[in-house]
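Comments concern the structure below.
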Amino acid sequence: MAATFASRCSRVGRSLFSGPSKSSPGLFTRSHEMTCSNVFSQQLRTFIQMRTVLKVVDNSGAKKVMCIQALKGKKGARLGDTIVASVKEAHPNGKVKKGKVVYGVVVRAAMQKGRCDGSEVKFDDNAVVLVDKQGQPIGTRVFGPVPHELRQKKHVKILTLAGHIA
């Protein structure tokens, strides 16, 4: 809906700025400018793709990671998908050090995902739990809410470590 509104605003702007019109001066009022700028200033919620910075929500020692590649998907990763990432920030005495290439499971994504009952789930941030090659979590605790869609993707161990399941 926002994309169609944005295209409608840009179409109106193009037709008004294409040339001076004497028949309707001041048609592009201040309220139209404010609505268009509000639409363009909103964050575009997309897949987790290459070079996306994610927050780490376990106690493995990493704070932030950057996605290198989304596994099993051409566009990008969504909730429950596994990614390959590089650690950008880390605690000094953690299990994972800065610069290490790790695997992670996306547990929170800003892009909305539809559920079977018709509701949709989306989070405020993009977050990941670091796992090894077999899919077992590196940390022993998971902080914050975790969606129950991880059960379908066979990440039950992450659900057992989580404090709150959304």
Side-chain angles (χ1 to χ4, degrees), residues 1-7 9 35-166:
M1 182 174 147
T4 59
F5 183 72
S7 65
C9 283
T35 7
C36 289
S37 66
N38 286 344
V39 169
F40 292 125
S41 66
Q42 289 178 352
Q43 179 184 6
L44 183 66
R45 300 188 185 276
T46 59
F47 290 96
I48 293 170
Q49 55 194 356
M50 195 179 348
R51 297 184 62 89
T52 301
V53 177
L54 299 105
K55 182 179 175 183
V56 179
V57 291
D58 61 4
N59 61 349
S60 61
K63 292 181 191 176
K64 291 190 185 227
V65 295
M66 181 185 287
C67 179
I68 296 174
Q69 183 181 12
L71 301 177
K72 296 182 184 174
K74 291 183 180 178
K75 283 188 176 181
R78 296 183 84 172
L79 283 176
D81 291 345
T82 305
I83 63 169
V84 180
S86 170
V87 178
K88 291 298 175 187
E89 291 180 25
H91 291 289
N93 51 359
K95 296 177 187 174
V96 179
K97 302 297 181 198
K98 181 180 175 183
K100 186 176 179 185
V101 176
V102 293
Y103 288 91
V105 174
V106 179
V107 294
R108 291 201 294 263
M111 184 179 180
Q112 63 188 11
K113 177 166 174 58
R115 288 187 169 168
C116 296
D117 60 353
S119 63
E120 293 178 336
V121 61
K122 75 177 175 182
F123 295 96
D124 292 335
D125 60 346
N126 296 321
V128 69
V129 171
L130 300 185
V131 296
D132 57 7
K133 288 189 177 186
Q134 289 77 31
Q136 298 301 317
I138 295 174
T140 57
R141 294 177 65 195
V142 176
F143 306 111
V146 174
H148 66 80
E149 281 87 3
L150 294 179
R151 183 168 280 119
Q152 297 168 351
K153 302 263 184 157
K154 308 286 191 259
H155 298 294
V156 182
K157 181 71 175 173
I158 294 173
L159 286 173
T160 59
L161 296 176
H164 178 68
I165 298 174

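If you read the sequence from its start, that first residue is 1, and numbering goes on from there.
- A side-chain contact (heavy atoms from CB on, under 4.5 Å) with Y103 holds for exactly one of L71, D132, V129; it is L71.
- Two residues are said to be in side-chain contact when any heavy atoms from C-beta on lie closer than 4.5 Å; I83 and V128 meet this criterion.
- When atom types are taken as modelled, the side chain of N59 and the backbone of G139 share no donor-acceptor pair closer than 3.5 angstrom.
- The heavy-atom pair separating V96 from L130 by the smallest distance is CG2-CD1, 4.1 Å.
- The shortest non-hydrogen separation linking G76 to F47 is CA-CB, 3.9 Å.
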- Item | Full working for side chain to side chain contact (heavy atoms under 4.5 Å, CB included) between K153 and R78 | CA-CA 11 Å; K153 302 263 184 157; R78 296 183 84 172; over 6 Å; no
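- Nearest heavy-atom pair across R108 and F143 is NH1-O, 3.5 Å.
- The environment of NZ in K55 is sparse: at most 12 heavy-atom neighbours from other residues, nucleotides or ligands sit within 6.0 Å.
- In plain terms, the two heavy atoms of A109 and L79 that are nearest each other are N-CD2, 3.6 Å.
- A distance of 11.0 Å separates NZ in K154 from CZ in R151, rounded to the nearest 0.5 Å.
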- Message: As a quick check of understanding, evaluate side chain to side chain contact (heavy atoms under 4.5 Å, CB included) for V121 and E149, giving each step before the final call.
- Response: CA-CA 10 Å; V121 61; E149 281 87 3; 4.1 Å; yes
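- Between atom NZ of residue K113 and atom CD of residue E120 there is a gap of 11.0 Å, rounded to the nearest 0.5 Å.
- The CE atom of M66 sits 5.0 Å away from the CZ atom of R51 when rounded to the nearest 0.5 Å.
- Rounded to the nearest 0.5 angstrom, K100 NZ and S60 OG are separated by 9.5 Å.
- Interatomic distance, CD of Q69 versus CD of Q49, reported as 13.0 Å (0.5 Å rounding).
- Scanning both residues, A127 and V57, for their nearest heavy atoms gives CB-CG1, 3.7 Å.
- Taking CG of N126 as the reference point, atom NZ of K64 lies at 11.0 Å (rounded to 0.5 Å).
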- Worked check of side chain to side chain contact (heavy atoms under 4.5 Å, CB included) between I158 and V131: CA-CA 9 Å; I158 294 173; V131 296; 4.3 Å; yes
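- Other residues, nucleotides and ligands contribute only 12 or fewer heavy atoms inside 6.0 Å of the CZ atom of R141.
- Within the 4.5 Å cutoff, the side chain of L161 has heavy atoms near those of the P137 side chain.
- When all heavy atoms of K122 and Q112 are compared, the pair lying nearest together is CB-CA, 3.6 Å.
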